[in-house]
**Q** 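Handing you a structure now.
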Protein chains: 2
Amino acid sequence: MSVSRNPPTRGRPKKLDREHVLKTALLCYWADSPTDVPISEICEKTGASKPSLYREFGSDDGLKEAALDAYDELVSQRRYDILAGDQPYDEALEALITHTVQDRKKADVPNGCLLFAMRARREEFGPLTLAKIDQLRENSLEQYRQWIDRAKSNAQFRRDIPTDTAALYFDAQMGSAMRLQKEGVSNKVIGEILRTAFSAFG
Amino acid sequence: MSVSRNPPTRGRPKKLDREHVLKTALLCYWADSPTDVPISEICEKTGASKPSLYREFGSDDGLKEAALDAYDELVSQRRYDILAGDQPYDEALEALITHTVQDRKKADVPNGCLLFAMRARREEFGPLTLAKIDQLRENSLEQYRQWIDRAKSNAQFRRDIPTDTAALYFDAQMGSAMRLQKEGVSNKVIGEILRTAFSAFG
DNA sequence: AACATTACGTACCTATAGTTACGAAATTAA
DNA sequence: TTAATTTCGTAACTATAGGTACGTAATGTT
């Protein structure tokens with residue numbers, strides 16, 4: 001169960017599996033609520049001791065930061081592929097919606113979005129997590145902006161709408177969709193809502 | 001400072017000013033975050049003792065429930081007037097947007113919306129507050145539904161969109177607007193976003 | 001074999017926040 | 001004046017959760 005490491009160093013070999021802890025933490029935060037999962041719960045679920053987690057992540061804040069980062073790596077690649085790809089705007093939009101309202105049970109991941117859930121609770125996090133939240137949020141806005149600008153230059157998107165505003169709009173709609181999903185609204189209805197929202201650009 | 005009450009009863013006169021406590025609590029929850037304001041803070045700001053608050057509201061949960069109820073009474077009347085009034089759909093929509101993005105500093109109230117903030121933190125409340133959140137949310141959806149249905153019957157709203165979905169859409173857009181406002185986005189941009197979102201129905 | 005090094009985990013510490021026990025105070029009724 | 005009633009508020013209690021001191025275990029190096 002010890003973690004792979006080369007070259008093997010001296011001292012007692014490390015038992016804590018960082019990736020396993022991160023994945024467990026991220027799933028707890030995601031499925032439940034990021035501010036309602038005590039470190040002790042992560043410890044129980046992974047079999048790690050509290051001091052081990054503190055050695056690895058420094059603090060609760062550090063663990064949340066690392067977990068959010070791991071979440072992003074796990075989840076945002078698909079969105080990036082869609083937004084950075086070279087398919088036409090309409091197709092990308094449809095792919096985005098389809099991806100957003102995909103059945104989470106089939107993919108075996110929780111409903112909602114950890115990043116949006118954390119943004120809604122900004123005040124409750126430490127500086128590291130806060131910085132990570134802001135960074136990922138900015139990444140996401142920037143991806144929308146570049147996508148929109150490319151669509152504009154291909155005459156596939158209305159030029160009378162400022163890119164910044166449109167990016168905020170996309171972000172806000174996706175946030176609403178994730179919240180509705182978490183509240184239990186069906187993906188079918190969420191899809192209709194998203195299509196309605198983006199029809200405003202058509 | 002004692003509270004008005006007739007007829008005067010026996011026993012030590014009540015000192016605790018329920019309305020003052022509720023207004024203070026509601027403003028703290030609203031301006032800050034509803035889950036980050038300890039009872040002790042409400043006590044300090046109002047000069048009441050903790051046992052007094054517990055006698056009056058039973059528990060933290062009870063206080064939050066009462067504060068949310070007071071918030072709704074304070075805030076939702078205007079929206080109700082707009083939605084239940086008899087002006088045409090377009091005018092009502094415009095009034096709704098204007099009201100939503102009004103300058104909060106002028107009205108001397110915090111940014112954002114307490115009900116949406118609480119909905120985003122559902123898991124963190126007790127049963128009383130939870131029930132109140134759900135009730136007010138349902139009230140709000142019902143107001144949208146009736147408004148939309150009237151607009152439909154007056155041929156001012158597309159009949160091909162289910163009323164339930166449209167109501168969810170209104171609610172979601174207003175939620176986004178309140179969150180953006182809380183995040184510091186200008187009311188001007190928020191107004192543009194709302195107008196864009198609702199242009200989908202035009 | 002003895003030492004240096006690194007990681008482990010039990011058992012604590014501390015702060016916070018919700019909650020309450022209980023005796024004192026302020027009023028009306030008898 | 002005394003009793004009955006109602007509320008007051010100090011000073012606790014309790015549970016939770018973040019965080020750590022410290023002795024032990026497991027490895028490589030000499």
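In what follows, chains carry the letters A, B, and so on, assigned in the order in which the sequence lines appear, proteins first and then strands, with residues in each chain numbered from 1.
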**Q** Just how far, in rounded Å, is P of dT10(D) from CG of Leu53(B)?
**A** 13 Å
**Q** Take the protein atom CD1 of Ile42(A) and the nucleotide atom C1' of dG9(C), then report the distance between them rounded to whole Å.
**A** 18 Å
**Q** Does the separation of the ring centres of Phe201(B) and Tyr169(B) fall below 6.0 angstrom?
**A** yes
**Q** Is the CG atom of Asp103(A) crowded by more than 12 outside heavy atoms at less than 6.0 Å?
**A** yes
**Q** Return the value, rounded to whole Å, for the distance between atom CG of Leu16(B) and atom C1' of dG9(D).
**A** 12 Å
**Q** Under 3.5 Å, sequence neighbours excluded: what are the donor-acceptor pairs made by side chains of residues 19-26 of chain A?
**A**
{"from": "Thr24(A)", "atom 1": "OG1", "to": "His20(A)", "atom 2": "O", "distance (Å)": "2.8"}

**Q** Kindly indicate whether the side chain of Tyr29(B), heavy atoms from C-beta on, has any atom under 4.5 Å from the side chain of Tyr71(B).
**A** no
**Q** Separation of Glu44(A) atom CD from dA17(D) atom P, in whole Å?
**A** 10 Å
**Q** How would you summarise protein contacts on nucleotides 16-26 of chain C per nucleotide, using B for base, S for sugar-phosphate only and - for none, with heavy-atom distances below 4.0 Å?
**A** -SBBBB--BBB
**Q** Kindly indicate, with the supporting measurements, whether the criterion ring-ring contact (aromatic ring centres under 6.0 Å, His included) is fulfilled by Trp147(B) and Phe170(B).
**A** CA-CA 11 Å; Trp147(B) 177 53; Phe170(B) 272 96; 5.1 Å; yes
**Q** Tell me: CD of Glu124(A) to P of dA17(D), nearest whole Å?
**A** 14 Å
**Q** Do the side chain of Arg121(A) and the main chain of Ala117(A) share a donor and acceptor less than 3.5 angstrom apart?
**A** yes
**Q** Could you give the CD-to-P distance, from Glu41(A) to dT16(D), as a whole number of Å?
**A** 13 Å
**Q** Return the value, rounded to whole Å, for the distance between atom CD of Glu56(B) and atom C1' of dG9(D).
**A** 16 Å
**Q** Using only side-chain N and O atoms of Ser49(B), determine if any of them is under 4.0 Å from OP1 or OP2 of dC8(D).
**A** no
